[in-house]
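Written below as structure tokens is the structure these notes are about.
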Amino acid sequence: MARKELAKAYEPWDVEEKWETHWEAEKTFSPDPDGPGDSYSIVIPPPNVTGVLHMGHALNLTLQDILCRYNRQQGKNVLWVPGTDHAGIATQNVVERQLKEEGLTRHDLGREKFIERVWEWKKEKGDHILSQIRRMGASVDWTRECFTFDEQRAKAVREVFVKLYEQGLIYKGDYLINWCNRCHTALADDEVEHEAKPGKLHHIKYPLADGSGHLVIATTRPETMLADTAICVNPADDRFNNLIGKKAILPLVGKELPIIGDSYVDMEFGTGCLKVTPGHDFNDWELGRKHGLEVISVLDEEGIVNDNAPEKYRGMTVAEARAAVMADLDAEGLVVEVADHDHSVGVCYRCKSVIEPHVSTQWFVSMKPLAKKARAAVPADTQIFPEHWTKTYYQWLDEIRDWCISRQIWWGHRIPAWTCEDCGELIVAKEDPTVCTKCGGSHLVQDEDVLDTWFSSALWPFSTLGWPDDTKELARYYPTSCLVTGFDILFFWVARMMMMGLQFREQVPFDHVYIHALVRDEHGKKMSKSTGNVIDPLDMIEKYGADALRFTLTSFAAMGRDIKLSEQRIEGYKHFMNKIWNATRFAMMNLPDEIPAVDVSKAEGLADQWILHRLEEVKEAVKSATLDYRFNEIAQTLYKFIWSEFCDWYLEMVKPALYGEDEEAKARTQAVLWTVLSETMILLHPVTPFITQEIWNVLPRPAGDDRSEDIATLAFPALRPECLNPKAVADMELFMGVVSGTRNIRTELLIEPAKKLDLLIRTVSDADKSVLEANTGLIQSLARIENVTIGPDVKAPKASGAAVVQGNELSVPLEGVVDFEAELARLDKNLGKLDKTMTGVSKKLQNPGFVNNAPEAVVEGEKKKLAEMEEEKTKLTQLKERLESVMG
RNA sequence: AGGCGCGUAGCUCAGGGGGAGAGCAUUUGCUUGACGUGCAAAGGGUCGUGGGUUCAAAUCCCUCCGCGCCUACCA
């Protein structure tokens, strides 16, 4: 049988592409909703269609994929739904920009043609990110791909909108909302980001109407005075409360403003007098509602001063109007002071332009009743990991305001509301109505607005499963098992999914929410295109392979900490992939085409018994780390096991058996080597799916092993408790100590590696003696030793390098090999180290408080430790004295 | 203003009431028949400060100092 020759170094490129194509073609990750097993389901946080894969996605996908692949191994019926988000504003912006290059606006095309154009764009470019998800190796079910704006999701959106409207939880009205002049639409509160910016506090005189003087107000936005409708002072403020009920004259406009009293006004801030502008400030809006004030808006939807302002200012931008107003006030001698004042300014989270509070007709969702349920469900029905995010979640829900869901754009779910032009009736319906339900007229006009994209995203956990239709998927996979996402969308998305899930499914949308960190650059800065510090995951995949990238992200994904990523780390883990590859290469050179059918629990040698024991521990560690979302521990456990134990010790130790003549021993070791390697590949598979699949595919099998060629479908390795072997671990510790101790003597004394040395071991017990005797050959090969002599009465030459391992005295004769001064210094160094730790332990044991109060086991442990160290010290000292005696 | 998180080896970070850990970097040596993307060995830290609880604190509690983030407000 022709043995497949493995490349000398691992080359991920072809391998990854091959398996990614294979899995999708075979529909490996498309579960049967009627199939066996407990269900485990995850819905992907849908990336924007306009998006390109960034490190945040890469991390997010990796963690979800680990969970899905692990749960498949546990025999679960796993569904991971992929899809994208139609990203209303962002996508519309992209296509509008395209049109602009052709000298067109969306209005030139008209609504219908424009939407067609966006769909065309989506088809061409929009799915780009999906192919990038494929390159990450995400084991999603591509046959169930969804889009927040496809037909089925549209059905869900309508259903929800209409029901909420009927339940009185959606309403329409004129309110002050966040308005983006550039995107030309309303935004929800949480779509506004706040940035601290330097500004000015302008102190301006407003004359009193009765001519008895003036008061001075302070404002950061003087241009909005054109829309002032009152002055407000604190009734408790003795400086001004006599003015309440009087009137002031609004400069430049000339109209009278009532002076009202409200404790909202902070007497300490500014001048203590507040100009009230309900049309341009959220607090003033509230104040205006409370006091029944007129609302004036002096800015239009482009942010240009409109006809409600004095003629002179009309047509100006905000900045122009501010300058003009201040100049005019100054000319009239009304400016008292202009002081520097930093304040935070709201900006659009999509385009970063300044948000204007703007009065307009919008649709809202009443959040309070929904938020109440969503709050109560955590942690009872949904647990958040790490747990501390729960508090943030509560805090947001407690302070929630009604959600403005209408957007003045075209790309999105159009609001299913119609107005009858004949009788003015408002009709909200699932199916497009043709006649008015009230007057029977047929002149119905649909609302122009579309819904906030998050409105459809909020339904994602059940809309992707086919709701509102009664599907198998819905019954089988809802509630989903875990949602994996970054904390930046805890509010935007997670909280709203909770609300909608509870409202429409009467069940939380997920059992667990795992919040992962943000990926930053190596200096802790947020990656952004403008800073130029972006590490592109696709570049990394091309350079190092998806597995190396995935392993890196996994090893960094400790709960509750930001990830500082550097390319160097990814490179380091590519080396790890290569190490795994070469371990396999070694195995392939030493395994027969058919693995001997040996029961590994009958393993005999120290190496085999020890590695099998460790494998059992690793299985447990991987399992519990995965269940607790301690992803970094999965990576750490496997890295240490594979590199520091399997490769560094085990493979070196089995070489003699594999090269040897004892066919029975060889077969046993081959079986163990194969078992450990293949099971480790299965354990590692959720983290690095490609390389493990490739290795599984090239590895030979024992006869009768008819498991799939596809590692992704294999069960988690069965536990083998009979292989747990504490004695092997203890023996191994002794063995490693002897080998390392001997190596240390050699390298620290600068003895050249080729120089043959002898080793004498004066053993402290029969048990140790037999362990070492059984492994003499291994000591020779691993420590590069010519002759080994072992026994209780071994006499070593006085001129020897020395070490003590668990009471056993190692001696390496040095006559003619090295100058003894170096060895003396080395022994002194080791004695010094020993002394330091002994001091600590004996001090502790001299403390009666410790001896009396600490648990007996701990005290005994310390005593034993000290005794051992004392013994070691005595022996080392004797060995040193012997050396000194030779030196005279 | 409120909330959250973080200060541990040169760097990036695990850990967490009983003798300070990893990776990378550094130093030294090495064609050991899987791997120089490697092997072997070594150096390197009063675990931010001050206090408290405890027989015992890097670990738990409090103060402070630094750093980061989130929410709200800022006329």
Side-chain angles (χ1 to χ4, degrees), chain A residues 6 8-10 190 194 196 199 201-202 217-221 224 232 264-266 269-277 281-284 341-344 386 388-389 391-392 395-396 399 487-488 490-491 518 520 522 524 526 544 555-556 558 560-566 568-569 571-590 630 632-633 636 639-640 643-644 647-648 651-652 655 659 740 743-748 750-754 781-784 836-838 840-841 844 847-855 857-859 861-862 865-866 869:
Chain A
L6 296 195
K8 193 170 172 186
Y10 178 55
D190 50 13
H194 294 272
L201 194 57
H202 308 77
I217 58 91
T219 179
T220 52
R221 300 199 54 193
T224 64
C232 190
Y264 163 74
V265 176
D266 179 353
F269 190 91
T271 60
C273 297
L274 172 70
K275 78 186 200 46
V276 184
T277 321
D281 182 280
F282 287 101
N283 294 301
D284 293 9
H341 176 71
D342 292 348
H343 62 142
S344 77
H388 70 256
W389 285 106
K391 204 163 178 177
T392 311
Q395 208 175 317
W396 187 74
E399 290 167 9
F487 60 81
D488 47 333
L490 184 61
F491 309 135
L518 244 46
R520 298 167 183 282
E522 56 193 309
K526 206 166 171 170
Y544 307 109
S555 68
F556 267 119
R561 216 204 256 247
D562 282 345
I563 294 177
K564 289 184 199 163
L565 188 70
S566 72
Q568 208 183 25
R569 291 294 293 259
E571 191 185 1
Y573 286 118
K574 167 144 196 258
H575 297 171
F576 179 48
M577 296 302 119
N578 190 53
K579 186 74 180 174
I580 295 168
W581 184 253
N582 274 290
T584 305
R585 221 159 71 87
F586 170 79
M588 295 295 287
M589 291 171 176
N590 292 287
R630 287 176 285 126
N632 58 316
E633 284 186 28
Q636 194 190 331
Y639 186 95
K640 188 179 166 227
W643 201 316
S644 309
C647 291
D648 286 351
L651 291 186
E652 294 306 323
K655 280 177 181 172
Y659 301 152
S740 298
R743 283 169 172 174
N744 181 273
I745 290 170
R746 183 192 289 274
T747 46
E748 290 227 322
L750 302 174
I751 300 168
E752 50 195 287
S781 59
L782 295 203
R784 320 213 78 218
K836 213 174 143 194
T837 37
M838 280 173 68
V841 179
K844 192 186 270 190
N847 178 355
F850 171 73
V851 182
N852 296 331
N853 293 314
V858 174
V859 178
E862 295 294 309
K865 229 184 317 190
L866 186 63
M869 285 189 290

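In what follows, every heavy atom counts, from backbone to side chain, and hydrogens, waters and symmetry copies are set aside. Order of the sequence lines sets the chain letters (A, B, ...), proteins ahead of strands, with each chain counted from 1.
- Atom pair A:Y639:OH and B:G23:C1' shows a separation of 6 Å (rounding to whole Å applied).
- Summarising the base pairing, B:G66 is matched to B:C6 through a Watson-Crick or G-U wobble pair whose two defining distances lie under 3.5 Å.
- The closest side-chain donor-acceptor pair between A:T224 and A:K275 falls under 3.5 angstrom.
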Fill in the blank from the handout: Protein heavy-atom contacts under 4.0 Å, written 5' to 3' over nucleotides 25-37 of chain B as B (base), S (sugar-phosphate only) or - (none), form the string ---S-S-BBBB-B
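- A donor-acceptor contact shorter than 3.5 Å is absent between the side chain of A:R569 and the backbone of A:F556.
- Nearest-nucleotide assignment on RNA chain B puts the 5′-proximal partner with A:V851, out of A:V851 and A:T219.
- Within the structure, a side-chain polar atom (N or O) of A:R743 is placed less than 4.0 Å from OP1 or OP2 of B:A41.
- Base pairing of B:G21: its partner is B:C13, meeting the Watson-Crick or G-U wobble criterion (both donor-acceptor distances under 3.5 Å).
- For the P atom pair drawn from B:C69 and B:C13, the interatomic distance equals 15 Å after rounding to whole Å.
- Across the protein-nucleic acid pair, A:Y573 atom OH and B:U12 atom P stand 15 Å apart, rounded to whole Å.
- Under the Watson-Crick or G-U wobble criterion, with both distances below 3.5 Å, B:A40 is paired with B:U28.
- For B:A56, neither phosphate oxygen OP1 nor OP2 lies less than 4.0 angstrom from any side-chain nitrogen or oxygen of A:K844.
- With rounding to whole Å, A:R746 atom CZ is found 12 Å from B:A41 atom P.
- Comparing A:Q395 and A:N847 along RNA chain B, the residue whose closest nucleotide (by nearest heavy atom) sits nearer the 5' end is A:Q395.
- At whole-Å resolution of the value, CZ in A:F282 and P in B:A72 are 11 Å apart.
- A heavy-atom distance below 4.5 Å is found between the side chains of A:F850 and A:V858.
- What separates OH of A:Y544 from P of B:C24 is a distance of 15 Å, to the nearest Å.
- Residue contacts shown for A:K391 are limited to sugar-phosphate atoms, with no base heavy atom under 4.0 Å away.
- With B:U71, B:G18, B:A14 as the candidates, the nucleotide lying closest to the side chain of A:F491 is B:U71.
- Comparing the same atom, P, in B:C6 and in B:G44 gives a spacing of 30 Å after rounding to whole Å.
- By the 6.0 Å contact criterion, NZ on A:K640 is open, its count of non-hydrogen atoms from other residues, nucleotides or ligands being 12 or less.
- Between the P atoms of B:A14 and B:A72, the separation comes to 29 Å (whole Å).
- Distance noted for atom P between B:C4 and B:G43: 43 Å (whole Å).
- Atoms CD and CG, on A:E652 and A:D648 in that order, are 8.0 Å from each other to the nearest 0.5 Å.
- Comparing B:A41 with B:G15, their C1' atoms are spaced 26 Å from each other, to the whole Å.
- Using a 4.0 Å heavy-atom cutoff across all strands shown, A:I217 reaches no nucleic acid atom at all.
- Aromatic ring pairs are classed by plane angle as parallel below 30°, tilted from 30° to 60° and perpendicular above 60°; the pair A:F491 and A:W396 is parallel.
- Here the side chains of A:I580 and A:Y10 are not in contact, with every heavy-atom distance at 4.5 Å or above.
- For the pair A:N853 CG and B:G18 C1', the interatomic distance rounds to 13 Å; values are reported in whole Å.
- A:I563 places its CD1 atom 17 Å from the P atom of B:C69, with the value rounded to the nearest Å.
- Per the geometry, CH2 belonging to A:W396 stands 16 Å off C1' belonging to B:G3, to the nearest Å.
- No engagement by A:V276 is indicated, since no non-hydrogen atom pair under 4.0 Å with the nucleic acid exists.
- As the counterpart of B:G33, no nucleotide is assigned, since no Watson-Crick or G-U wobble pattern has both distances under 3.5 Å.
- Taking atom P in both B:U26 and B:U63, one finds a spacing of 43 Å when rounded to whole Å.
- With a cut-off of 3.5 Å on both pairing distances, B:A72 has no Watson-Crick or G-U wobble partner at all.
- Base engagement by A:P855 is indicated by at least one non-hydrogen atom pair under 4.0 Å involving a base atom.
- The P atoms of B:A9 and B:G45 are separated by 10 Å, rounded to the nearest whole Å.
- Closest to the side chain of A:K564, from the set B:G19, B:C13, B:G3, is B:C13.
- Nearest to the side chain of A:H388, among B:U71, B:A41, B:G5, sits B:G5.
- B:G5 sits 28 Å from B:A22 when the P atoms are compared, rounded to a whole Å.
- Proximity note for A:E748 (side chain, C-beta onward) versus B:A14, B:A72, B:A42: the nearest is B:A42.
- Between A:W643 and A:F576, the two ring planes are parallel [angle under 30°; tilted spans 30° to 60°].
- Remark: A:K655 qualifies as a cation-pi partner of A:F586 under the 6.0 Å distance and 45° angle criteria applied to the six-membered ring.
- A cation-pi arrangement is absent between A:K574 and A:Y544 under the rule of less than 6.0 angstrom and at most 45 degrees off the ring axis.
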